[in-house]
Number of protein chains: 2
Amino acid sequence: MTQSRPRIVPEATVARLAVYLRVLAGLADGGRSHVSSGELAAAAGVNPAGLRKDLSYLGPCGVRGVGYAVAGLQERLTAALGVERSRPCVLVGIGRLGAALADYAGFASRGFEFVGLLDADPARVGDRVGGCTVRPIEELESVVAGTRASIGVITTPADVAQSVCDRLVAAGVRSILNFAPVALSVPAGVDVRKVDLSVELQVLAFLDQQRDGGPPTVVVPVPVPAGGAR
Amino acid sequence: MTQSRPRIVPEATVARLAVYLRVLAGLADGGRSHVSSGELAAAAGVNPAGLRKDLSYLGPCGVRGVGYAVAGLQERLTAALGVERSRPCVLVGIGRLGAALADYAGFASRGFEFVGLLDADPARVGDRVGGCTVRPIEELESVVAGTRASIGVITTPADVAQSVCDRLVAAGVRSILNFAPVALSVPAGVDVRKVDLSVELQVLAFLDQQRDGGPPTVVVPVPVPAGGAR
DNA sequence: AACCGCTTGTGAACGCAGGTACAAAGTCGC
DNA sequence: GCGACTTTGTACCTGCGTTCACAAGCGGTT
Ligand SMILES: NC(=O)c1ccc[n+]([C@@H]2O[C@H](COP(=O)([O-])OP(=O)(O)OC[C@H]3O[C@@H](n4cnc5c(N)ncnc54)[C@H](O)[C@@H]3O)[C@@H](O)[C@H]2O)c1
Ligand SMILES: NC(=O)c1ccc[n+]([C@@H]2O[C@H](COP(=O)([O-])OP(=O)(O)OC[C@H]3O[C@@H](n4cnc5c(N)ncnc54)[C@H](O)[C@@H]3O)[C@@H](O)[C@H]2O)c1
C-alpha cells in the first residue's frame with residue numbers, strides 16, 4: 001500500500017521534464033517521429049546522460065539504437081507531470097504582472113487554464129482579461145469551490161499575500177505559486193513555489209561583480225562557437 | 001586590502017543573501033537595530049544554521065550573544081551582492097510581461113534601473129513605461145554602449161530570443177535574464193539565468209498529482225512505446 | 001572582576017544531484 | 001541469419017548543498 005512508489009522523482013528532474021515536454025512539442029510540429037537523447041539534450045540545454053537518467057525515472061521509454069518516439073514520450077511525460085487534462089487555476093491580484101499572466105496564451109497550451117481572476121480593486125472588477133472576467137476578492141471561496149481549482153497564483157502586493165494565501169488554503173487550494181516577495185507559511189500538505197525576480201537580478205549582479213573583481217579571468221579567450229539553433 | 005576572496009560563495013547562498021537583504025530592509029523600517037539568526041531565518045523561511053553559514057561566507061559579521069546589527073549587515077550584503085550603486089539594465093521586448101517589469105518600482109529600490117527599453121514594434125516605440133521611453137530595436141547596440149548596461153533582460157517571443165541574446169552579448173552585456181521558453185546558448189564568460197513560469201506551474205501540477213496518487217498504486221499503464229507516428 | 005546565559009561561527013556527517021564510463025539491447029546492412 | 005554499429009539505461013564516482021551539533025566569544029549581572 002504505502003510502498004507503492006516504484007521510484008521517486010527528484011524535484012529538479014520534474015522541472016527538467018517540463019522543459020523536455022516543450023521541446024518535444026516543437027519537434028512534433030516539425031514532423032519528427034524519433035529523437036536521440038543527444039539532440040533532445042542539446043535543445044533543452046542539459047547533459048545527454050542526465051536527460052536519460054531523468055527519463056529513466058519513468059521507466060524504460062526509449063528504444064536502444066534508435067532513440068525516443070516523440071509522440072510516445074510526449075504522452076508519457078504529460079501523464080507523469082499530471083497535465084493530461086487541463087488544470088484549473090485561480091489568479092489573485094490582477095495588476096500589471098497578474099494581467100500579463102492571465103493574458104498569456106502559453107499557459108493554456110501547456111494545460112493550465114485560469115478559471116478565476118480575483119482583485120480587491122473595484123475598478124478592476126468586471127474587466128475581461130484573457131477570456132475571463134475579473135471578480136471581487138470576496139468571491140474567492142465560492143470561485144475556488146465552484147471550479148475545484150487546485151492551483152492558486154498570487155500576484156498581490158506583498159503585505160496581503162499571506163492573508164490571500166490563507167484564504168486560498170482554507171478554500172481547498174493545495175498548490176500555490178507566489179510572486180510576492182515574502183515567505184509564505186502554509187500548513188503541511190500544501191506546496192508553495194516562489195518566483196522572486198529581484199533575486200534573479202541580484203544573483204546576476206553578484207556573478208558580474210565576482211567576475212570583475214575575482215580571479216584574473218583574462219586567460220580564457222576561447223571563442224566558443226555558439227551552436228544550437230536548428 | 002580586503003583579503004580578496006579566499007572563500008567562494010555558492011550560488012544557492014547568493015540567492016538567499018538577496019532574500020535576507022530584503023527582510024533586513026523591512027526590519028530597518030521597523031526601527032530594529034539588531035536581529036538574531038533565528039528571527040531572520042524565520043522571516044526568510046530558511047534554517048537558522050543555514051543562514052549563519054550563508055553569512056559566514058562574508059566573514060564574521062555578527063556579535064555573539066547579541067545577534068546581527070541590522071544596518072551593518074545591510075551594508076555588508078549590499079556590497080557582497082554588488083548593488084552598492086544602481087546597476088543599469090536593458091529590457092528587450094516591451095510586451096505585456098516586459099511592460100510589467102519596466103513599470104515595477106521594486107527593482108529600482110533594490111538597485112536596478114532600466115536605462116533602455118527596446119522593442120521591434122513601431123507602435124510601441126515612443127511609449128513611456130516606468131519613466132523610460134521605448135526605443136526601436138535597431139538602437140540596441142548604441143543604447144548598451146551609451147549606458148554601459150551590464151544586465152540584459154529578454155521578454156521577447158521565444159523564436160527571436162536567441163538572436164536578441166546574441167546582439168546583447170556582442171554589444172557587451174555579460175549577464176542575461178531570460179523569460180522566453182528557450183535554452184539560450186552563449187559564449188563562456190556570459191551568465192544566463194532563465195525564468196520559466198510554465199515549468200513552475202507544471203512542477204506544482206506534478207506535486208499535486210503525486211499527493212493524490214501517491215498512496216494508491218498509480219503505475220503508468222503504458223506498456224510498450226513502440227508505436228511510432230508518421 | 002568573575003560568572004552565566006545567549007548567540008554566533010564552524011566542523012563533520014548525511015543526502016542528493018550531476019557527470020563519466022560501460023554494458024545491455026535492438027536495429028540496420030549484407 | 002549474422003555481425004557490427006548505434007543508442008539507451010545504469011552503476012560508480014565526485015562534488016555540492018544542507019543539516020545537526022558543539023565549542024568559542026561576548027554582554028549583562030552581581
Ligand atoms: N510587476 C513586476 O514586474 C513584479 C516583479 C517582481 C515582483 N512583483 C510582485 O508581484 C506582485 C504584484 O506586482 P504588480 O506589479 O502586478 O503590482 P500591482 O499593484 O500592479 O498589482 C497588484 C494588484 O493586486 C490587487 N490587490 C491588492 N490587494 C489585494 C487583495 N487583498 N486581494 C486581492 N487583490 C489585491 C490590486 O488591486 C492590484 O490590482 C507584488 O507583490 C510585486 O512585488 C512584481
Ligand atoms: N506574459 C506572460 O505571462 C508570460 C509567461 C511566461 C513566459 N512568457 C514569455 O515571455 C515572453 C514575452 O511574453 P509576452 O506575454 O510579454 O509577449 P508579448 O507578445 O506581449 O510581448 C512580446 C514583445 O516583444 C516584441 N518583439 C517581438 N520581436 C522582437 C524583436 N525581434 N526584438 C525586440 N522586440 C521584439 C513585440 O513587439 C512585443 O512587444 C515570451 O517569450 C513568453 O513566452 C510570458
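Here is how names work: the chains are called A, B, and so on, in the same order as the sequence lines, proteins then strands, and each is numbered from 1. Remember, it's a predicted structure, so these values are computed and weren't measured experimentally.
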Walk along nucleotides 14-22 of chain D from 5' to 3' and tag each nucleotide B, S or - by protein heavy-atom contact under 4.0 Å, base first, then sugar-phosphate.
---SSBBB-
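- Every residue meeting the side chain to side chain contact (heavy atoms under 4.5 Å, CB included) condition with Ala15(B), not counting sequence neighbours, appears here in chain and number order: Val199(A), Val203(A).
- Partners of Ser37(B) according to the side chain to side chain donor-acceptor pair (under 3.5 Å) rule, which considers only residues two or more places apart in sequence or in another chain, are Arg52(B).
- Between Cys61(A) and Leu73(A) the shortest side-chain heavy-atom distance falls below 4.5 Å.
- When the side-chain nitrogen and oxygen atoms of Ser37(A) are compared with OP1 and OP2 of dT7(D), none of them lie within a distance under 4.0 Å.
- Here the P atom of nucleotide dT6(D) and the CD atom of Glu39(A) are 16 Å apart, to the nearest Å.
- Applying the side chain to side chain contact (heavy atoms under 4.5 Å, CB included) rule to Val66(A) yields the partners His34(A), Val63(A); only residues at least two apart in sequence or on another chain are considered.
- Distance CZ (Arg76(A)) to C1' (dT8(D)): 14 Å, rounded to an integer number of Å.
- Residue pairs meeting the side-chain hydrogen bond (donor to acceptor under 3.5 Å, both in side chains) criterion with at least one member in residues 38-48 of chain B, sequence neighbours excluded: Arg32(B)-Glu39(B).
- Residues from residues 25-34 of chain B that place a heavy atom under 4.0 Å from any atom of DNA chain C: there are none.
- Leu55(A) places its CG atom 16 Å from the P atom of dT7(D), with the value rounded to the nearest Å.
- Every residue was checked against the salt bridge (Lys or Arg N to Asp or Glu O under 4.0 Å) condition with Arg110(A), not counting sequence neighbours, and none meets it.
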Show the distances under 3.5 angstrom between N or O atoms of the protein and N or O atoms of nucleotides 24-30 of chain C.
unit_1	atom_1	unit_2	atom_2	d
dA24(C)	N3	Arg64(A)	NH1	2.6

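- Applying the side chain to side chain contact (heavy atoms under 4.5 Å, CB included) test to Cys165(A) and every residue at least two apart in sequence or in another chain returns Ile154(A), Gln162(A), Val169(A), Ile176(A), Leu184(A), Val186(A).
- The closest side-chain heavy-atom distance from Val46(B) to Asp54(B) is not below 4.5 Å.
- Rounded to a whole Å, the OH atom of Tyr20(A) is 13 Å from the P atom of dT8(D).
- For the side chain to side chain contact (heavy atoms under 4.5 Å, CB included) test, residues two or more places apart in sequence or in another chain that qualify with Arg174(B) are Asp208(A), Asp212(A).
- Taking the ring pair (Phe, Tyr, Trp, His ring centres under 6.0 Å) definition, one finds that Tyr104(B) meets it with Phe107(B), sequence neighbours left out.
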Taking only distance into account, with no hydrogens and no angle test, what donor-acceptor pairs under 3.5 Å do side-chain atoms of residues 188-195 of chain B form with protein atoms, sequence neighbours excluded?
unit_1	atom_1	unit_2	atom_2	d
Arg193(B)	NE	Glu200(A)	OE1	2.6
Arg193(B)	NH1	Glu11(B)	OE2	2.6
Arg193(B)	NH2	Glu200(A)	OE1	3.3
Lys194(B)	NZ	Asp196(B)	OD2	3.4

